[in-house]
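Ligands are counted one by one from 1 in listed order, and the atoms in each one are counted from 1 as well. Everything numeric here is computed off the predicted structure, so don't read it as measured data.
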Amino acid sequence: MSTINISIERAKESGVGNIDFNDLPFGKNFSDHMFIADYYDGEWRDARIVPFADFTLHPATSAIHYGQAIFEGMKAELAPDGQPIVFRPLKNWNRLNKSAQRMAIPPISQELFMAALDTLIDIDKDFIPTAPLSSLYIRPFMFATEKYVGIRVAENYRFCIFTSPVGAYYSRPVRVFVSDKYVRAAPGGAGFAKAAGNYGAAMMPTWEVQKMGYDQLLWLDAIEHKYFQEIGTMNVFFVIDGVLITPGLDQGTILEGVTRDSLIQLAQDEGYVVQERDVSVDEVIHAYNDGKLQDMFGAGTAAVVSYIGGFHYKGVDYELPPVEKREVSNKLRARLMDIKSGLVVDKFNWVHHVPVTQSV
Ligand code: COI
C-alpha cells in the first residue's frame with residue numbers, strides 16, 4: 001500500500017467524448033488530468049492530480065534557457081478483463097533517474113513514481129483506446145523551474161505526467177538516411193539520457209532529410225562516422241544471415257530502450273542468436289550486396305517495432321525486403337504486442353496491473 005499522499009482535483013467536465021477513438025494521430029489528444037509534483041527546499045512536494053491545463057511559466061524559467069529537461073514514454077492498454085496494464089514501468093522509472101542524474105536533476109522515488117502513475121491511469125482509464133495498435137501513451141517529464149538567469153544547477157523542478165490516447169507512430173515502413181554529416185552523441189556526452197536537448201539538436205538535421213523524402217536520420221558514431229548508433233525516435237536492429245544485431249550500450253551514446261531490451265530477451269527466448277555490438281555501415285552494405293541483410297527495424301515505445309523500408313548512404317538507396325518476408329521483426333512484433341495487451345501469459349513478468357480504485 002502506498003504511503004504517498006496525492007491530492008485530487010477532478011476536471012469539471014470530461015473531454016473523452018470529443019475524441020475520435022477510431023482516428024488517433026500520435027500525441028494530439030489529451031486525457032482529462034495530469035499529475036504534478038514540485039521540487040523545492042530539497043524535496044519533491046505537493047503531489048497532486050489536477051485537470052489537464054496549460055502551465056504558467058516565468059520568462060526566466062531555467063529549463064527554457066539551459067535545457068535541464070528530461071522525459072520518458074510508456075504505454076497503457078486494457079487487458080481482456082478490462083484492467084489497465086502498463087508495460088515495464090519500473091524500467092522507465094529507472095531510466096528517468098539515470099537521465100536525471102546526468103542532467104543534475106533530483107531523482108524521484110519509485111514509490112512516488114508508481115503512485116503517480118497508478119492514480120493518474122486509474123482516474124483517466126476511459127481514455128485508454130482499445131482499437132488494434134492503439135494505446136494510452138504516458139509522458140512523464142521533469143524540468144528546472146527556477147527563475148534565475150545565471151547558469152548553475154537549478155534548485156527548483158517540476159515533475160509532471162500526462163497521458164494521450166494514440167494510434168501507431170509510424171503507419172508505414174520508415175525510410176532512413178544514414179548521416180555522415182551530423183552527429184547525435186559522443187562518448188562522455190548525454191546520448192543515453194532522454195534529455196530534451198538530444199531531440200532539439202536532432203530537429204534541423206532530421207528536417208533536412210525529411211525535405212529529401214526520408215522519414216528519419218540513422219545516426220553514426222561521432223568519432224569515425226562508421227558505426228550505427230540509433231534513429232532518435234527508436235533503437236535500430238539488423239538481421240544479417242539469421243543473426244539479430246543491435247548496437248551495444250557500452251559507449252553511453254544511445255538510448256537504453258525498454259523496447260530494445262524486451263526484443264533482445266524475446267529473440268533469445270525464440271532461439272535467435274542476438275549480438276549487442278558495434279555494427280558498421282560497411283558490414284551492413286556488404287551483407288546487403290551478398291543478399292544476407294534480411295531485416296532492419298526500429299524499436300521504441302512510441303514506434304513499437306517499426307519496419308525500415310530502406311536506407312540511404314552516400315548517394316545510394318538500399319531497399320529492404322517486403323514486410324511480409326520479415327520473419328524476425330514480424331515474430332518479435334507480434335509477441336511483444338500480445339504481451340503488452342495482456343493477451344498471452346506474461347512469463348517475463350513485464351506487465352504492471354494498475355489497481356482500479358477511483359470511481360467518478
Ligand atoms: C517514445 O518512444 O516514447 C519516445 O519518446 C520517442 C518519440 C518518438 C515519441
Side-chain angles (χ1 to χ4, degrees), residues 24-31 67 69-77 86-100 102-103 113 117 120-121 128-129 133-143 159-177 184-185 190-203 205-207 209-210 214-219 229-237 246 249 253-264 297-308 332-333 336-337 340 350 352:
L24 289 172
F26 188 89
K28 294 200 170 167
N29 294 292
F30 301 94
S31 312
I70 56 173
F71 69 99
E72 271 303 322
M74 295 184 279
K75 278 181 173 168
E77 295 192 30
V86 180
F87 188 69
R88 306 190 78 183
L90 289 180
K91 290 286 279 183
N92 294 88
W93 164 71
N94 192 266
R95 190 173 64 186
L96 182 72
N97 278 344
K98 278 193 189 168
S99 303
R102 181 62 180 82
M103 303 302 287
F113 184 86
L117 180 69
L120 186 66
I121 301 300
I128 303 176
L133 302 178
S134 65
S135 52
L136 188 72
Y137 185 75
I138 305 165
R139 172 51 63 86
F141 61 108
M142 284 180 178
F143 63 103
F159 172 50
C160 178
I161 311 180
F162 65 75
T163 65
S164 167
V166 298
Y169 194 83
Y170 294 115
S171 49
R172 55 177 175 76
V174 178
R175 307 192 68 77
V176 294
F177 188 101
R184 177 187 174 274
F192 66 89
K194 214 159 166 61
N198 285 336
Y199 296 79
M203 293 288 174
T206 306
W207 190 41
V209 304
Q210 284 170 344
Y214 300 91
D215 298 294
Q216 284 295 328
L217 268 178
L218 176 45
W219 301 96
Q229 286 187 339
E230 59 153 270
I231 298 177
T233 51
M234 44 193 186
N235 293 112
V236 65
F237 284 82
T246 193
L249 303 173
T253 50
I254 64 171
L255 195 76
E256 296 183 21
V258 178
T259 308
R260 173 190 181 279
D261 178 78
S262 308
L263 293 178
I264 290 172
F297 56 93
T301 297
V304 193
V305 171
S306 290
Y307 307 104
I308 294 175
L332 298 181
R333 184 172 183 265
L336 181 72
M337 290 192 340
K340 288 178 106 164
W350 281 341
H352 168 71

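Below 4.0 Å from some heavy atom of Gly73 lie the following atoms of ligand 1, by number and element: 3 (O). Listed by number with element, the atoms of ligand 1 under 4.0 Å from a non-hydrogen atom of Ala302 are 1 (C), 2 (O), 3 (O), 9 (C). The contact set between ligand 1 and Arg139, taken as ligand atoms under 4.0 Å from a residue heavy atom, comprises 5 (O), 9 (C). Ligand 1 places these atoms under 4.0 Å from at least one heavy atom of Phe71: 5 (O).
Given atom 1 (C) of ligand 1, the protein heavy atom at minimum distance is Tyr137 OH, 3.3 Å. At the shortest separation from atom 5 (O) of ligand 1 among protein heavy atoms lies Lys194 NZ, 2.9 Å.
Between Ala303 and ligand 1, no pair of N/O atoms sits closer than 3.5 Å.
Taking the six-membered ring wherever Trp is involved, the centroid distance between the rings of Tyr307 and Phe297 does not fall below 6.0 Å. Residues Phe162 and Phe141 bring their aromatic ring centres within 6.0 Å. Ring-centre distance between Phe143 and Phe71: not below the 6.0 Å cut-off.
A donor-acceptor pair shorter than 3.5 Å can be found between the side chains of Ser262 and Arg88.
Ring-plane geometry between Tyr214 and Phe177 is classed as perpendicular, the angle between the planes exceeding 60 degrees on a 0 to 90 degree scale with a lower cut at 30.
Arg95 places none of its side-chain heavy atoms less than 4.5 Å from the side chain of Phe192.
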